[in-house]
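Notes follow the structure.
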Amino acid sequence: MAQNTGVSIEMPVLARQIRLPKGVDDRLKALLDRQDSGQILSAAEKREAEGLVELAEMLTLMRLRTERASRSKEK
């Protein structure tokens, strides 16, 4: 059975700053653009793109939860 545990951490940056660094985001976009244009990615490039997408999703979730927690504290 899954168990939820709350953890409180201090965020050293503003919520809107929680995102992929520009160079990493540019690389992800380049890989996805190549794939969307019909180019075949190598196995290593596919793994890289998948890992970067997972990281981007995790950072988005962190940003949204940080924003929600900040709004809750303001009330």
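Since the model is a prediction, treat every value here as computed from it, not as a measurement. The chain is numbered in sequence order, starting from 1.
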Residue list, side chain to side chain donor-acceptor pair (under 3.5 Å) with Glu45, at least two apart or on another chain: Arg34, Ser42
Non-hydrogen atoms of Leu28 and Ala49 that approach each other most closely: CD1-O, 3.8 Å
Transitive ILVMFWY side-chain link Val53 to Ile18, under 4.5 Å: yes
By side-chain contact (heavy atoms from CB on, under 4.5 Å) - contacts of Asp25 (at least two apart): Leu20, Lys29
Glu48: salt bridge (Lys or Arg N to Asp or Glu O under 4.0 Å) partners, not counting sequence neighbours: Arg27
Cluster check Leu32, Val24: I/L/V/M/F/W/Y, side chain < 4.5 angstrom: yes
Side chain to side chain donor-acceptor pair (under 3.5 Å) partners of Lys46, counting only residues at least two apart: none
Any pair counted as side chain to side chain donor-acceptor pair (under 3.5 Å), so long as it reaches residues 56-65, sequence neighbours left out: none
Rounded distance [0.5 Å steps], CE in Met58 versus CG in Leu55: 5.0 Å
Distance (rounded to the nearest 0.5 Å) between Arg47 CZ and Leu41 CG: 11.5 Å
